[in-house]
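Report on the structure given below.
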There are 2 protein chains.
Amino acid sequence: MEQLYGYRWNTSRNSHSYMNHSQTLIRLAIADDHQIVIDGLCAALKNFSHISISATGTDGNALLQSISEKPIDILLTDVMMPHIGGVELALEVKKKYPEVKIIALSMSGSGTLVEEMMGKAAIEGYLLKHCGIEELILAIEKVHAGGQYFQTTVLDELSKHLQLKKQTSDIRLTQREKEIISLMEKGCSNKEIAEGLFISVRTVETHRKNIFRKTGTNTVLTLVKWAYEHKIL
Amino acid sequence: MEQLYGYRWNTSRNSHSYMNHSQTLIRLAIADDHQIVIDGLCAALKNFSHISISATGTDGNALLQSISEKPIDILLTDVMMPHIGGVELALEVKKKYPEVKIIALSMSGSGTLVEEMMGKAAIEGYLLKHCGIEELILAIEKVHAGGQYFQTTVLDELSKHLQLKKQTSDIRLTQREKEIISLMEKGCSNKEIAEGLFISVRTVETHRKNIFRKTGTNTVLTLVKWAYEHKIL
DNA sequence: TATAAAATACCCTGAAGAGGGTATTATTTG
DNA sequence: CAAATAATACCCTCTTCAGGGTATTTTATA
């Protein structure tokens with residue numbers, strides 16, 4: 001537990017040798033909606049002379065502006081951010097600057113987000129904030145060298161999520177059915193739904209029946225829970 | 001937007017004068033379940049010579065162990081942490097070392113947590129991670145000087161929460177009623193609830209009726225939503 | 001101990017829902 | 001164009017539930 005005392009990265013930097021791998025300067029941009037995280041990362045990365053921070057920003061727009069003026073090699077970005085989320089930012093950066101590598105640094109590692117970041121934006125790395133600075137450096141170096149770095153826990157979450165998604169996609173709810181589910185979620189009765197959609201109560205009853213059958217539920221409550229779990233709502 | 005470039009705290013430290021206030025050494029402990037945040041904070045705080053980091057930990061137990069060996073003045077702790085949460089940690093620290101001041105550094109600032117930290121553990125400060133390093137330093141100095149530091153947004157959230165709580169406390173649900181709500185939330189029918197609690201269906205119906213009346217709801221779904229909002233579930 | 005609050009139980013009514021059908025009319029897709 | 005899918009609509013039955021009562025016993029609490 002010697003790590004817990006003093007300046008952790010000092011001791012660890014002395015006992016490791018990150019800086020031997022490549023001495024080319026890596027120009028980094030950091031996006032995180034928490035200023036304290038940016039400040040902290042900057043301070044921590046200052047100790048590694050082969051990494052320079054070219055831009056930081058607490059929101060996507062500011063960061064996009066910055067990197068349009070100053071080129072970067074790698075973007076290190078949070079995923080859940082207000083206004084412009086990590087996914088949109090990554091997409092935009094990949095579109096404008098295809099040569100820029102992107103590493104996500106997120107709290108959650110929720111399957112949905114990971115899938116979006118990897119599937120839509122084709123990022124090169126995904127780290128959880130639980131990781132230490134050493135692992136971050138490792139990831140940056142690996143990605144900069146043309147590789148990838150994905151934490152195993154992240155990949156596990158992703159595969160779990162994809163599996164759940166596959167199960168859900170087997171259950172094919174129609175657009176109308178989803179519409180009706182969302183009205184049921186709001187607490188509407190069959191009559192109210194019928195009035196809202198300008199259709200007969202009988203039709204709503206049929207849809208309702210089909211929905212329950214497809215989802216394997218039999219009350220509004222369990223259905224709504226199912227819908228939340230499967231991201232219908 | 002000049003802040004976005006380079007090492008932000010460098011420029012700002014030059015243009016401010018944090019270190020003029022008190023030159024007594026402040027011994028700080030940091031608890032955060034994200035190692036990267038700890039690493040970052042340590043690196044950032046290293047630039048302030050009147051603050052020394054005596055202990056860090058990604059969970060409460062490790063940190064308690066550390067500070068039992070090395071005295072501290074201020075504990076800077078995250079609130080939502082696995083195993084031992086910020087509230088428990090703060091309580092324990094305040095109990096064992098009443099002279100230690102505590103500042104919470106949290107993501108959420110959700111009213112419930114703020115209330116617990118302030119009400120139960122009587123902490124001296126509460127910051128959101130959106131804040132920058134300057135504000136953190138300010139808070140540390142203020143608290144160390146015997147004062148308090150609570151961000152206005154945090155206080156706003158708290159008062160909103162206390163107001164909601166007051167409204168809820170006017171609605172007095174009995175223990176049995178809460179029990180029945182939680183069974184309703186699980187999707188149980190009146191019959192199932194009656195069997196589960198070894199009481200008559202009639203009794204369940206009565207409770208149900210009283211619950212709906214008290215909460216102003218009239219379906220299971222709206223009731224369950226109400227219960228979530230008011231933290232009954 | 002007196003009183004209030006909580007938990008128990010029953011009755012009745014009408015509306016709504018769950019579950020079982022069948023069937024016609026778009027609309028999409030191979 | 002033919003076949004499949006989606007959306008529409010109706011019928012019937014039986015159960016459950018919401019909402020309106022009243023009333024007894026147990027448990028706190030003043």
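It should be emphasised that the depicted structure is a prediction, and the values quoted were computed from it without experimental measurement. Every chain is numbered from 1 and lettered A, B, ... according to where its sequence line falls, protein lines coming before strand lines.
Remark: the backbone N or O of A:Ile199 is not paired with any side-chain donor or acceptor of A:Thr203 at under 3.5 angstrom. Of the possible polar contacts, none joining the B:His144 side chain to the B:Ile140 backbone as a donor-acceptor pair under 3.5 Å is found. Side chain of B:Glu115 to backbone of B:Leu158: no donor-acceptor contact under 3.5 angstrom is found.
Counting heavy-atom neighbours within 6.0 Å of A:Lys165 NZ, excluding the residue itself, gives a total of 12 or less. Counted within 6.0 Å of CD on A:Gln175, heavy atoms from surrounding residues, nucleotides or ligands total 12 or fewer; the atom is thus considered open. Other residues, nucleotides and ligands place more than 12 heavy atoms under 6.0 Å from the CD atom of A:Glu195. A:Lys191 NZ: 12 or fewer foreign heavy atoms inside a 6.0 Å radius.
From one end of the helix from C:dT1-D:dA30 to C:dG30-D:dC1 to the other, with five pairs defining each end axis, the axis direction shifts by 60° (rounded to 10°).
Among all heavy-atom pairs drawn from A:Val79 and A:Tyr126, the shortest one is CG2-OH, 3.5 Å.
With rounding to whole Å, B:Arg213 atom CZ is found 14 Å from D:dT22 atom C1'. For the pair B:Leu183 CG and D:dT16 P, the interatomic distance rounds to 17 Å; values are reported in whole Å.
A heavy atom lying under 4.0 Å from DNA chain C marks none of the residues of residues 226-233 of chain B.
Contact check on B:Lys129 versus A:Asp32 returns no salt bridge, with no Lys/Arg side-chain nitrogen under 4.0 Å from an Asp/Glu carboxylate oxygen. Electrostatic pairing of A:Lys214 and A:Glu177 counts as a salt bridge here, judged by a charged N lying under 4.0 Å from a carboxylate O.
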Exercise. What string of B, S and - do you get for nucleotides 5-21 of chain C 5' to 3' if you count protein non-hydrogen atoms under 4.0 Å?
Worked result: -SSBBB------SSSBB

Sub-3.5 Å pairs of nitrogen or oxygen atoms, protein against nucleotides 27-30 of chain C:
none

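One finds the CG atom of A:Leu89 at 5.0 Å from the CE atom of A:Met81 (value rounded to the nearest 0.5 Å).
Partners of A:Glu185 by side-chain hydrogen bond (donor to acceptor under 3.5 Å, both in side chains), not counting sequence neighbours, listed by chain and number: A:Tyr228, B:Lys225. Residues satisfying the side-chain hydrogen bond (donor to acceptor under 3.5 Å, both in side chains) criterion with B:Lys96, sequence neighbours excluded, are absent altogether.
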